[in-house]
Amino acid sequence: MERIVVIGANHAGTAAINTILDNYKDNKVVIFDSNDNISFLGCGMALWIGEQIHSSEGLFYCSKDIFEKKGAKVYMETRVERIDYDKKIVFAEGKYGQRYQQEYDKLILATGSLPISPNIEGKELDNVQFVKLFQNAKDVIDKLHNDALKDIVVVGAGYIGVELAEAFRRVGKNVTLIDNMHTCLSSYYDQEFSDIMSENLSSHGIKLVYNEIVTKLEGNGKVEKVVTDKNEYHADMVVLGIGFKPNNRLGKDDLELFCNGAFLVDKQQQTSQPDVYAIGDCATVFDNSIQKTNYIALATNAVRSGIVAAHNVCGTPLESIGVQGSNGICIWNLKMVSTGISYAKAKKLGYDAAAVDYEDTQKPAFIEHDNYKVKIRIVYDKKTRIVLGAQLCSEYDISMAIHMFSLAIQEQVTIDRLKLTDIFFLPHFNQPYNYFTMAALQAK
Ligand SMILES: Cc1cc2nc3c(=O)[nH]c(=O)nc-3n(C[C@H](O)[C@H](O)[C@H](O)COP(=O)(O)OP(=O)(O)OC[C@H]3O[C@@H](n4cnc5c(N)ncnc54)[C@H](O)[C@@H]3O)c2cc1C
Ligand SMILES: NC(=O)c1ccc[n+]([C@@H]2O[C@H](COP(=O)([O-])OP(=O)(O)OC[C@H]3O[C@@H](n4cnc5c(N)ncnc54)[C@H](O)[C@@H]3O)[C@@H](O)[C@H]2O)c1
């Protein structure tokens, strides 16, 4: 029997814990989490805030109870303060000051990420919000009920910022969305795609402010103003969504780190310390699109890395196959999905890259209903011909289409192989000259 300690029981921790408890029943599993809930789907936060779902109930898929019924010992609201990696002991403290020492044979770090806090004056003012935890969402929703709270400035037009801008607008607030880049969603899409999202956001009344750097927040107790290098914006609430950083506090002096501080792991999720594994947002991933170690904070990566670590910890060797950072967003019915890297990113990274684009309706023109335009871009390396990334955008649900490109990047498929990939045709679904083939065929 092994003593397995898991620190952090959100998406990564939950996946690892369930895999161990369901498949390797003879171990002693001890879980610590500093929060009071498990498995909160942050991805549902904007839907809840924007009143597209009526409650937060469905946003949890696991609990302390479930783990305990499967035989684990669970300490909630208990923060691990320090780890003695030589003696293999975890030191934790409960909400009421209770102290715990737990020895381990194998340790899984699933401490996740923290929202990046900009180094600006005024960020401690009331109504300056991060949106990561269930408690953050509850707090924001309580404040939104106050009709005097009218103007919301969202800083960061990435995934969190864009989703929340929509949510705030849906509940009738005036929304200004600020990003220091020249467009929204710039880490995921080329401007030809992000411009479509910008147009969608502005047409719903969101004020877009790009290429401005927030320099300070002003107010009297409560935030009242966002000051940038070029302008000032009135704000009754400011939401900061400028990215995540890995929560590495428990290992930053003892484990090897990636350039952004994430725990550096191998394909088995093992850190530089023997018997210590790291998963989810606190750890690195192997990024197949650039064939290098990278940091990509997504729940999907968290879950898969948890499964991989669990099997290795319990003695079944299993290697991660890497990730492509596949992602998607849906804002007022405009759906955008991407995988791998954009053309702009490929160029920035020094690839001799090319992009092929195609635009068409999803189905033949004679289909009069539920037939929308689809825009596709495939990015590839001109030298190796290998696919580096893909982007799709439509009001039609094209989400499943991105998985094919995800697999192509994972398997290092060339653009030329995609030209003749067998794609079925039925007018109810698509076209005989479909946009995958038509885009790929353009590759010279
Ligand atoms: C608003 C929002 C929307 C999102 N939408 C999506 C989406 O649509 N798709 C997607 O793939 N991803 C999405 N994400 C990202 C996704 O939520 C994260 O990638 C995911 O939560 C990572 O899971 P994790 O378990 O690694 O880390 P976390 O969720 O950060 O969990 C870490 C856990 O560790 C615990 N912990 C930390 N330190 C200690 C300690 N010292 N002692 C004890 N416990 C500790 C914390 O309490 C927490 O429970 C979204 C995130 C947000 C905020
Ligand atoms: N739909 C989804 O899959 C989804 C939804 C929400 C969050 N997430 C994930 O959660 C993580 C965190 O999301 P996020 O939106 O915070 O990060 P993000 O990386 O998606 O976006 C951060 C944005 O902030 C901007 N930014 C950075 N510094 C800034 C500054 N000082 N001032 C103004 N803008 C600045 C960046 O240009 C970028 O557009 C990401 O990994 C994201 O992929 C995913």
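As the structure lists them, so they are numbered: ligands from 1, and atoms in each ligand from 1.
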- Can you list every pair that meets side-chain hydrogen bond (donor to acceptor under 3.5 Å, both in side chains) and has a residue in residues 82-92, with sequence neighbours left out? Lys88-Asp275
- Task: Can you tell me which residues line ligand 1 if we count any heavy atom under 4.0 angstrom from one of its atoms, in chain and number order?
- Result: Ile7, Gly8, Asn10, His11, Ala12, Phe32, Asp33, Ser34, Asn35, Gly42, Cys43, Met45, Thr78, Arg79, Val80, Ala110, Thr111, Gly112, Ser113, Val131, Lys132, Ile160, Phe244, Asn247, Arg249, Leu250, Gly280, Asp281, Ala297, Leu298, Ala299, Thr300, Ala302
Identify each donor-acceptor pair in which a side-chain atom of residues 389-402 lies under 3.5 Å from a protein atom, sequence neighbours left out, and give them as a table.
{"from": "Gln391", "atom 1": "OE1", "to": "Asp190", "atom 2": "N", "distance (Å)": "2.8"}
{"from": "Gln391", "atom 1": "NE2", "to": "Asp190", "atom 2": "OD2", "distance (Å)": "3.0"}
{"from": "Ser394", "atom 1": "OG", "to": "Lys373", "atom 2": "O", "distance (Å)": "2.7"}
{"from": "Ser394", "atom 1": "OG", "to": "Tyr396", "atom 2": "N", "distance (Å)": "2.8"}
{"from": "Asp397", "atom 1": "OD1", "to": "Ser399", "atom 2": "N", "distance (Å)": "3.0"}
{"from": "Asp397", "atom 1": "OD1", "to": "Ser399", "atom 2": "OG", "distance (Å)": "2.6"}

- Using the ring of Phe286 (Phe, Tyr or Trp, six-membered ring only), decide whether Lys267 places NZ or CZ under 6.0 Å from its centre and within 45 degrees of its axis. yes
- Can you find a side-chain donor-acceptor pair between Asp151 and His234 that sits under 3.5 Å? yes
- Message: Give the residues near ligand 2 by chain and number, with the criterion being a heavy-atom distance under 4.0 Å.
- Response: Val155, Gly156, Ala157, Gly158, Tyr159, Ile160, Glu163, Asp179, Asn180, Met181, Tyr188, Gly241, Ile242, Gly243, Phe244, Ala297, Leu298, Gly328
- Message: Could you walk me through whether Glu103 and Arg3 satisfy the salt bridge (Lys or Arg N to Asp or Glu O under 4.0 Å) test, starting with their C-alpha distance in whole Å, then the side-chain angles of each, then the deciding distance to 0.1 Å, before giving a yes or no?
- Response: CA-CA 7 Å; Glu103 291 183 21; Arg3 291 162 303 177; 3.1 Å; yes
- Task: Check the pair Tyr24, His311 against ring-ring contact (aromatic ring centres under 6.0 Å, His included), reporting the backbone distance first and the verdict last.
- Result: CA-CA 9 Å; Tyr24 305 95; His311 285 293; 5.7 Å; yes
- Item | Candidate pair Phe134 and Phe60, rule ring-ring contact (aromatic ring centres under 6.0 Å, His included), full reasoning | CA-CA 10 Å; Phe134 171 66; Phe60 298 91; 5.2 Å; yes
- Do we get Lys69 above Phe67's six-membered ring, with its NZ or CZ under 6.0 Å from the centre and within 45° of the axis? no
- Message: Can you confirm whether Lys375 is buried at NZ, in the sense that more than 12 heavy atoms of other residues, nucleotides or ligands lie under 6.0 Å from that atom?
- Response: yes
